[in-house]
Amino acid sequence: MEIRQLRYFVTVAETRHFGQAAERLHMAQSPLSQAIRQLEAQVGATLFNRTTRRVDLTPAGEAFLRDALRILDSVEAARERVQRIGDGHSGLLRIGCTGLAAYKQLPQLARIAARELPGLILRYVPDLLTPAQEEALAEDRIDLAVLRPPLRRAGLASRPVARERLTLAVPAGHRLAGDEPVGLHELRDEDFVVYGARDSVVDAAVTQACLGAGFLPRRTHEVAETSVMLTLVAAGLGVALLPESALALRVDGVRYVPLADGAPDDHGAPEAPHVDLALAWRADEVNPALARLVEVLEANGFVPPEPTAVPYAGRVPAHPGEAR
């Protein structure tokens with residue numbers, strides 16, 4: 001039994017006329033009549049009572065019509081699902097992210113995806129440092145990472161998302177807990193609460209910024225999570241430098257203070273201490289859902305556009321500027 005036979009049968013059942021059904025199917029009446037007879041032989045029952053004026057369904061035909069409609073609906077639904085997966089409008093993506101990105105960038109990403117790609121399922125794996133996300137990408141445990149460059153593993157592609165200034169978190173009663181920007185040199189004698197992970201990009205940026213101001217930060221407490229860091233700051237056990245996305249976290253007893261611009265950069269302009277955030281994926285990834293998500297994130301300003309970007313052509317771009 002073929003799908004086309006079911007379509008022929010349903011069309012005859014709807015029109016109750018072989019001639020009208022043949023016209024609707026854009027075929028001659030004789031082949032249609034022959035196809036219905038073959039179908040009746042295959043199912044072992046008469047499906048139509050034929051007269052010179054009318055064609056009526058038999059009881060067997062009535063029962064078969066219900067099944068035929070259900071089968072054709074299922075076939076059409078399957079076709080639509082496959083098409084949506086093929087063009088990236090549905091499917092499943094596993095997304096890893098750093099802890100702080102979960103408070104600012106990840107909600108933005110989720111809102112855009114829900115609005116533009118409602119058929120796409122996103123599964124989130126939060127609180128992963130950049131090295132852990134790179135490993136998860138390489139081992140195919142996540143499909144997309146929201147991480148802090150630079151990337152250390154080969155075979156990964158990335159797109160920038162944002163540049164975040166570092167901000168200062170101090171106890172509410174601290175001498176620097178005001179509205180004026182604080183210079184890094186003013187923190188020379190402070191105790192620091194820092195991220196203790198060996199490969200923390202934020203920790204490396206904090207150390208480099210302090211060294212640029214002429215001192216090495218006094219690492220009094222090392223923590224693994226931002227929430228613990230802010231708890232220790234609130235307890236008066238030190239100050240912390242962390243990305244400005246931490247401003248979304250309000251903790252009693254903690255004041256956020258902006259940092260003054262640092263030393264001039266190569267172009268003579270003062271550069272504030274900062275860390276970057278990026279999207280990353282496997283460079284050989286062919287998942288159309290990932291390509292489509294990157295495309296809509298760019299269209300909605302989540303990632304800056306590529307100067308030479310062209311319409312998506314079936315593969316996630318491996319490098320900035322590569323044709324999509």
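Given the structure is predicted, the values throughout are model-derived calculations rather than measurements. Below, each value reflects all heavy atoms present in this structure, side chains not excepted, and no hydrogens, waters or symmetry copies.
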Which pair of non-hydrogen atoms, one from [X] and one from [Y], has the smallest distance, and what is that distance?
{"X": "L184", "Y": "A209", "answer": "CD1-O, 3.5 Å"}
{"X": "L120", "Y": "L92", "answer": "CD1-N, 4.3 Å"}
{"X": "V193", "Y": "V233", "answer": "CG2-CG2, 4.3 Å"}
{"X": "A177", "Y": "P171", "answer": "CB-O, 3.8 Å"}
{"X": "A145", "Y": "L137", "answer": "CB-CD1, 3.8 Å"}
{"X": "A113", "Y": "L122", "answer": "CB-CD1, 3.6 Å"}

I'd like to know if the side chain of [X] reaches the main chain of [Y], judged simply by a donor and an acceptor atom lying under 3.5 Å from each other, with no hydrogens or angles considered.
{"X": "E186", "Y": "G183", "answer": "yes"}
{"X": "E285", "Y": "N287", "answer": "yes"}
{"X": "Q133", "Y": "V146", "answer": "yes"}
{"X": "Q5", "Y": "I36", "answer": "no"}
{"X": "E134", "Y": "R153", "answer": "yes"}
{"X": "T58", "Y": "T46", "answer": "yes"}
{"X": "R159", "Y": "P304", "answer": "yes"}
{"X": "Q42", "Y": "R37", "answer": "no"}
{"X": "R148", "Y": "L129", "answer": "no"}
{"X": "R218", "Y": "R188", "answer": "no"}

[X]/[Y] ion pair, N-O < 4.0 Å:
{"X": "E116", "Y": "R292", "value": "no"}
{"X": "R175", "Y": "E190", "value": "yes"}
{"X": "R123", "Y": "D143", "value": "no"}
{"X": "R24", "Y": "E14", "value": "yes"}
{"X": "R219", "Y": "D191", "value": "no"}

Please identify which of these residues, L144, I95, L147, L290, meets the side chain to side chain contact (heavy atoms under 4.5 Å, CB included) condition with L279.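 The side chain to side chain contact (heavy atoms under 4.5 Å, CB included) with L279 is passed solely by L144 among L144, I95, L147, L290.
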So [Y] and [X], do their side chains get closer than 4.5 Å, heavy atoms only?
{"X": "H17", "Y": "T11", "result": "no"}
{"X": "Y256", "Y": "L230", "result": "yes"}
{"X": "L259", "Y": "P181", "result": "no"}
{"X": "Y195", "Y": "E225", "result": "no"}
{"X": "P243", "Y": "V202", "result": "yes"}
{"X": "T15", "Y": "V55", "result": "no"}
{"X": "L168", "Y": "L242", "result": "no"}
{"X": "L128", "Y": "T98", "result": "no"}

Roughly how far, to the nearest 0.5 Å, is the [atom2] atom of [Y] from the [atom1] atom of [X]?
{"X": "L297", "Y": "I112", "atom1": "CG", "atom2": "CD1", "answer": "5.5 Å"}
{"X": "S158", "Y": "L277", "atom1": "OG", "atom2": "CG", "answer": "11.0 Å"}
{"X": "Y8", "Y": "I3", "atom1": "OH", "atom2": "CD1", "answer": "12.5 Å"}
{"X": "R165", "Y": "L241", "atom1": "CZ", "atom2": "CG", "answer": "12.0 Å"}
{"X": "L232", "Y": "E222", "atom1": "CG", "atom2": "CD", "answer": "12.0 Å"}
{"X": "L106", "Y": "S245", "atom1": "CG", "atom2": "OG", "answer": "11.5 Å"}

Between H274 and E244, does any side-chain donor sit less than 3.5 Å from a side-chain acceptor?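 The answer is no; no qualifying pair exists.
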Strictly by modelled atom types, are Y103 and T226 linked by a side-chain donor-acceptor pair under 3.5 Å?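 There is no such pair (donor and acceptor under 3.5 Å, judged by atom type) between the side chains of Y103 and T226.
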With a 6.0 Å cut-off (strictly less than), is the heavy-atom count around CG of D252, excluding the residue itself, greater than 12?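 No, not enclosed.
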Other residues, nucleotides, ligands: >12 heavy atoms within 6.0 Å of E180 CD: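 Not buried by this count: 12 neighbours or fewer within 6.0 Å.
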Please assess L293 against W281 for the test side-chain contact (heavy atoms from CB on, under 4.5 Å), listing each intermediate value before the final yes or no. CA-CA 12 Å; L293 177 60; W281 57 85; over 6 Å; no
In terms of hydrophobic clusters joined by side-chain contacts under 4.5 Å, are [X] and [Y] together?
{"X": "F48", "Y": "L69", "result": "yes"}
{"X": "I142", "Y": "L100", "result": "no"}
{"X": "V201", "Y": "V125", "result": "no"}

Derivation and outcome, side-chain contact (heavy atoms from CB on, under 4.5 Å), residues F9 and L57: CA-CA 10 Å; F9 165 74; L57 285 166; 3.9 Å; yes
May I have the step-by-step check of side-chain contact (heavy atoms from CB on, under 4.5 Å) for M229 and H221, ending in yes or no? CA-CA 8 Å; M229 174 182 285; H221 297 282; over 6 Å; no
How far apart are the C-alpha atoms of Q105 and F302, what are their side-chain angles, what is the distance that settles it, and do they pass the side-chain contact (heavy atoms from CB on, under 4.5 Å) test? CA-CA 8 Å; Q105 287 81 13; F302 186 83; 4.0 Å; yes
Could you label the plane-to-plane angle of the F192 and F215 rings as parallel, tilted or perpendicular, counting under 30° as parallel and over 60° as perpendicular?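 Because their plane-to-plane angle lies in the 30° to 60° range, the rings of F192 and F215 count as tilted.
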Salt bridge (Lys or Arg N to Asp or Glu O under 4.0 Å), that's the test. Do D56 and R50 meet it? Break it down for me. CA-CA 7 Å; D56 291 316; R50 301 164 174 85; over 6 Å; no
